[in-house]
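All chains are named by letter (A, B, ...) in the order of the sequence lines, taking the proteins before the strands, and each is independently numbered beginning at 1.
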Number of protein chains: 2
Amino acid sequence: MEKYVQILKKNCLKVTPQRLEILKYLDTHRTHPTADTIYSNLKNNNPSLSKTTVYNTLQHLDEHGLVYTLTISGSESRFDSNINPHHHFLCKICSNIIDIDIECPNVKKVEVGGHRIDEVHGYFKGVCASCLKESNNGED
Amino acid sequence: MEKYVQILKKNCLKVTPQRLEILKYLDTHRTHPTADTIYSNLKNNNPSLSKTTVYNTLQHLDEHGLVYTLTISGSESRFDSNINPHHHFLCKICSNIIDIDIECPNVKKVEVGGHRIDEVHGYFKGVCASCLKESNNGED
DNA sequence: CCTTTAATTTGTAATCATTACAATATGATA
DNA sequence: TATCATATTGTAATGATTACAAATTAAAGG
């Protein structure tokens, strides 16, 4: 837990139990959870936790570059604590989001056509290996 | 207008005035409009138009590959009738979305790590050239 | 040109994620 | 330990999107 205390302090963020829990959850669950998923899972051991706090905290963490906000699905934001630049794959069947480590020359760009780039998002959409396999089995 | 009739017929979509109007709007307004923007603009000359129809039509067009649905902003979908593969830039200041034609080896991929790729979205976020210029002027 | 039928359109109501806001509580600092 | 700015909480509001059922209409055939 000291690890997360240090992260918050280093970023001039006030250390609160809620922030520590959320940070820890993101760090130990690399499943690109939604705000609601984080809330539901932490609520058990933190009955007083408010969903607004989850949203507020995620926004602060994003602003300090501690999490990455994915808008890949369109209907809800998902949060990723993997800071290393990488892409994402959304499966249309199971809705899982999979990290894609791929060589991409564009993630190193800082400007394009005179526009200053702060973030690069690479989203692939399709059918994941696991769902492909299942659908093949079904056709056997 | 015959152009849009042909496009719908070619894709086995029933030809209706609403669909023609929406298709025409998208083709002549390459500004990545939201469903609401499309609705508001067409409503004037088509008083009976329903917002549900706009959403339904956009979904059909997307399913037939006639429009591209952008989830870049997080809060609302935006629609693009430019079918050529390209990337997008979202300006945090003015919220405009700008087409980015950039060399990207990933748009040609059909699979990655065993996952079948149907769509590739490249999103850049930052400050556009126009807003950068304005903020510089302000500091003079 | 008329009939039929399945698909489309429409309007309203519901849903769901997210944000606004004001009152209360709390971490950091002196 | 007192102070104060900041964080948390709960509720209410917002806004995009979807569900649904009734009315309408495009397309195909006779």
Side-chain angles (χ1 to χ4, degrees), chain A residues 1-2 4-23 25 32-43 45-64 66-67 69-79 95 97, chain B residues 1-2 4-23 25 32-43 45-64 66-67 69-79 95 97:
Chain A
M1 215 54 163
E2 183 57 23
Y4 307 115
V5 173
Q6 293 311 320
I7 292 176
L8 289 175
K9 283 189 175 170
K10 201 175 300 176
N11 284 273
C12 300
L13 286 166
K14 202 176 274 189
V15 177
T16 69
Q18 292 87 345
R19 287 178 175 177
L20 290 172
E21 286 296 330
I22 292 168
L23 209 44
Y25 184 90
H32 318 93
T34 63
D36 191 68
T37 299
I38 297 169
Y39 169 75
S40 299
N41 281 282
L42 294 181
K43 185 77 176 172
N45 296 319
N46 307 267
S48 78
L49 182 66
S50 163
K51 199 178 279 188
T52 301
T53 298
V54 176
Y55 277 104
N56 287 340
T57 299
L58 288 169
Q59 192 180 313
H60 283 127
L61 296 178
D62 182 289
E63 285 167 356
H64 289 264
L66 299 173
V67 306
T69 305
L70 308 182
T71 60
I72 189 172
S73 92
S75 62
E76 59 196 359
S77 291
R78 296 188 168 231
F79 300 90
S95 297
I97 294 176
Chain B
M1 215 54 165
E2 184 57 23
Y4 307 116
V5 173
Q6 293 311 320
I7 292 176
L8 289 175
K9 284 189 175 171
K10 202 175 299 175
N11 285 275
C12 301
L13 286 167
K14 202 175 273 189
V15 177
T16 69
Q18 293 87 345
R19 287 177 176 178
L20 290 172
E21 287 295 330
I22 292 168
L23 209 45
Y25 185 89
H32 318 94
T34 64
D36 191 68
T37 299
I38 297 169
Y39 169 75
S40 300
N41 280 281
L42 294 181
K43 186 75 174 172
N45 295 318
N46 308 267
S48 79
L49 182 66
S50 163
K51 199 178 279 188
T52 301
T53 298
V54 175
Y55 276 104
N56 287 341
T57 299
L58 288 169
Q59 193 180 315
H60 283 128
L61 296 178
D62 182 289
E63 284 166 357
H64 286 82
L66 298 173
V67 306
T69 305
L70 309 182
T71 60
I72 189 171
S73 93
S75 62
E76 59 196 359
S77 291
R78 294 186 170 233
F79 300 89
S95 297
I97 293 176

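- Nearest nucleotide to the B:T53 side chain, out of D:dA26, C:dT9, D:dT8: C:dT9.
- Neither OP1 nor OP2 of C:dT18 sits under 4.0 Å from any side-chain N or O of A:Q59.
- Projected onto DNA chain D by closest heavy-atom contact, B:K51 and A:R19 fall at different nucleotides, the more 5' of which corresponds to A:R19.
- Rounded to an integer number of Å, the gap from A:L20 CG to D:dA7 C1' is 13 Å.
- Going from atom CG of A:N46 over to atom P of C:dT26 covers 14 Å, rounded to whole Å.
- Between B:F79 and B:L58, the shortest heavy-atom distance links the atoms CE1-CD1, 3.5 Å.
- Checking C:dG27, C:dT18, C:dT9 against every side-chain atom of A:P17, the shortest atom distance belongs to C:dG27.
- Between C:dA6, D:dT17, D:dT6, one nucleotide has an atom nearer to the side chain of B:Y55 than all others, and that is D:dT17.
- For the residue pair B:K43 and B:P47, the shortest heavy atom distance occurs at NZ-O, 2.7 Å.
- Between the CG atom of A:L8 and the P atom of C:dT26 there is a distance of 18 Å, given to the nearest Å.
- Atom P of nucleotide C:dT9 and atom CG of B:L61 are separated by 10 Å, given to the nearest angstrom.
- If you find the closest nucleotide of DNA chain D to B:V15 and to B:E76, the one lying nearer the 5' end belongs to B:E76.
- For the side-chain contact (heavy atoms from CB on, under 4.5 Å) test with A:R19, the passing option among A:N56, A:L8, A:T53, A:V5 is A:L8; the others fail.
- For B:S48 and C:dT10, the shortest distance from a side-chain N or O to OP1 or OP2 is below 4.0 Å.
- The two residues B:T71 and A:I72 have their closest heavy-atom pair at OG1-O, 3.6 Å.
- Put simply, A:Q18 has no side-chain N or O that comes within less than 4.0 Å of OP1 or OP2 on C:dT26.
- No engagement by A:T34 is indicated, since no non-hydrogen atom pair under 4.0 Å with the nucleic acid exists.
- Of the listed nucleotides (D:dA19, C:dT8, C:dG27), D:dA19 has the atom at the smallest distance from the side chain of B:T52.
- Put simply, CG on B:N56 is 9 Å from C1' on D:dT18, counting in whole angstrom units.
- Residue A:T57 places no side-chain atom within donor-acceptor reach of the base of D:dA7, judged by atom type and a 3.5 Å distance cut-off alone.
- Within the 4.0 angstrom heavy-atom criterion, only backbone atoms of the sugar-phosphate kind lie near B:T16; the bases stay farther away.
- A straight line from CG of B:L58 to P of D:dA16 spans 14 Å, rounded to a whole angstrom.
- Distance CD1 (A:I22) to P (D:dT8): 7 Å, rounded to an integer number of Å.
- Using a 4.5 Å heavy-atom threshold, the side chains of B:L66 and B:L13 count as touching.
- The nucleotide whose nearest atom lies closest to any side-chain atom of B:S77 is, among D:dA26, D:dT17, C:dG27, D:dT17.
- Within the 4.5 Å cutoff, the side chain of A:M1 has heavy atoms near those of the A:L20 side chain.
- When the nucleotides C:dT19, D:dT9, D:dT17 are ranked by their closest atom to the side chain of A:S50, D:dT9 comes out on top.
- As rounded to whole Å, 13 Å separates atom P of D:dC4 from atom NZ of A:K14.
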